[in-house]
Each structure stands twice: as structure tokens, then as C-alpha cells.
A.B. asks: 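Attaching a single structure in C-alpha cells format; questions to follow.
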Amino acid sequence: MTTPFEGAAQTDAASPLLTKAQELLADRMSVIPPLAEVLAERKRLQEQIDATEKAYGSAYADAQAAGWTPEELRQLGAEEPTRRPQGRPRKRPAQQRSTPTTPKPRTPESAEPVAPGAPSS
């Protein structure tokens with residue numbers, strides 16, 4: 001059983017260790033708020049870039065549909081977009097269906113019944 005005095009002695013002995021650990025942790029934690037701010041800004045800007053890329057892809061496709069060639073657009077300073085607008089899905093190749101095998105038509109020779117016990121030719 002510990003006495004209040006012994007518990008106090010242990011706390012006093014641990015106090016410098018805890019204080020030092022908190023100081024070290026405070027130094028490390030001081031860089032997290034700026035990182036969190038920059039990370040949030042980066043995410044917001046990436047969402048804007050994604051939306052702009054989508055709009056650019058549509059505008060580029062509209063220009064091509066109006067008759068502009070990729071070379072002409074390149075000469076105007078419009079690079080081919082990295083993200084094309086969604087269009088109709090490509091046709092999937094028709095799946096090979098297994099057709100049931102039909103028996104070959106009988107020829108007159110194979111259509112003749114063979115009498116039991118008769119030699120076959």
C-alpha cells in the first residue's frame with residue numbers, strides 16, 4: 001500500500017519527464033496547423049482544377065465538332081485535354097453465343113434402315 005507521500009514523490013520525479021515530453025510534443029505540434037491549412041487549400045484548388053479540366057474537355061470537343069482539327073487548335077494554343085468529356089459508351093463486342101449443334105441432315109444412304117443381323121456396308 002502506498003502512502004500519499006510516496007505517491008507525491010513519484011509524481012514529483014516524473015514531473016520533469018512529463019514537462020520535457022510536452023515541450024517536445026508542442027514543438028512538433030506547432031507545424032500541424034499550417035500543414036492543415038495548406039492541405040485544405042490544396043484540396044479546394046484540386047477540386048477547381050478538376051472542374052476546369054472537365055469544362056475545358058467539353059469546350060475542346062465542341063471546337064472539334066465545329067470542324068477545328070487538333071492541329072489547328074494546337075496552333076491556337078489549345079492543347080488536347082487530358083480529360084475528355086464523357087460520351088456514349090463504346091460498343092462491347094458481341095458475346096459469342098454457343099449455338100446448339102444440330103444434327104447433320106441425313107443422306108439417302110444413311111437414311112436407309114439397317115435390318116438387324118444384316119451386314120453393313
Side-chain angles (χ1 to χ4, degrees):
M1 180 176 203
T2 60
T3 64
F5 181 74
E6 289 175 35
Q10 289 176 352
T11 303
D12 289 342
S15 182
L17 177 67
L18 294 175
T19 303
K20 184 64 176 175
Q22 288 173 342
E23 289 172 5
L24 291 172
L25 187 58
D27 288 343
R28 291 179 64 202
M29 286 297 296
S30 68
V31 298
I32 297 302
L35 176 64
E37 289 176 25
V38 171
L39 184 61
E41 178 71 3
R42 181 176 184 245
K43 183 177 179 183
R44 185 185 66 77
L45 291 172
Q46 187 62 53
E47 289 171 354
Q48 284 183 339
I49 288 172
D50 292 344
T52 302
E53 285 291 325
K54 185 176 179 181
Y56 179 71
S58 294
Y60 190 92
D62 291 345
Q64 283 187 310
W68 290 91
T69 66
E71 180 58 34
E72 291 170 329
L73 293 170
R74 194 175 6 260
Q75 289 174 358
L76 294 172
E79 297 175 7
E80 190 164 347
T82 56
R83 186 184 231 175
R84 303 289 295 194
Q86 265 190 330
R88 293 188 322 183
R90 293 183 180 186
K91 278 188 170 180
R92 291 186 178 156
Q95 291 181 347
Q96 297 288 337
R97 293 185 183 175
S98 59
T99 55
T101 56
T102 55
K104 294 181 181 177
R106 291 185 171 185
T107 60
E109 295 170 345
S110 65
E112 295 178 18
V114 177
S120 60
S121 37

A.B. asks: Return each pair, listed once, that meets salt bridge (Lys or Arg N to Asp or Glu O under 4.0 Å) where at least one residue sits in residues 55-71; pairs must be two or more places apart or across chains.
C.D. replies: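 Counting only pairs at least two positions apart or across chains, the salt bridge (Lys or Arg N to Asp or Glu O under 4.0 Å) contacts touching residues 55-71 are Glu71-Arg74.
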A.B. asks: Does any pair with a residue in residues 13-28 pass salt bridge (Lys or Arg N to Asp or Glu O under 4.0 Å), and if so which ones, sequence neighbours excluded?
C.D. replies: none
A.B. asks: Going by atom type alone, with no hydrogens or angles, which donor-acceptor pairs under 3.5 Å involve a side-chain atom of residues 34-41 and a protein atom two or more places apart or on another chain?
C.D. replies:
unit_1: Glu41; atom_1: OE1; unit_2: Arg44; atom_2: NE; d: 3.3
unit_1: Glu41; atom_1: OE1; unit_2: Arg44; atom_2: NH2; d: 3.2
unit_1: Glu41; atom_1: OE2; unit_2: Arg44; atom_2: NH2; d: 2.6

A.B. asks: Output all residues satisfying side chain to side chain contact (heavy atoms under 4.5 Å, CB included) with Glu72, sequence neighbours left out; order by chain, then residue number.
C.D. replies: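 With neighbours one apart ignored, the set is Trp68, Thr69.
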A.B. asks: Partners of Gln48 by side chain to side chain donor-acceptor pair (under 3.5 Å), sequence neighbours excluded?
C.D. replies: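 Expected list: none.
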A.B. asks: List in chain and number order the residues that pass side chain to side chain contact (heavy atoms under 4.5 Å, CB included) with Ala78, two or more places apart in sequence or in another chain; answer none if no residue qualifies.
C.D. replies: Tyr56, Tyr60, Leu73
A.B. asks: What is the distance from atom CD of Gln22 to atom CE of Met29, rounded to the nearest 0.5 Å?
C.D. replies: 12.5 Å
A.B. asks: Report yes or no: do Ile32 and Leu25 belong to one cluster of Ile/Leu/Val/Met/Phe/Trp/Tyr joined by side chain heavy-atom distances under 4.5 Å?
C.D. replies: yes
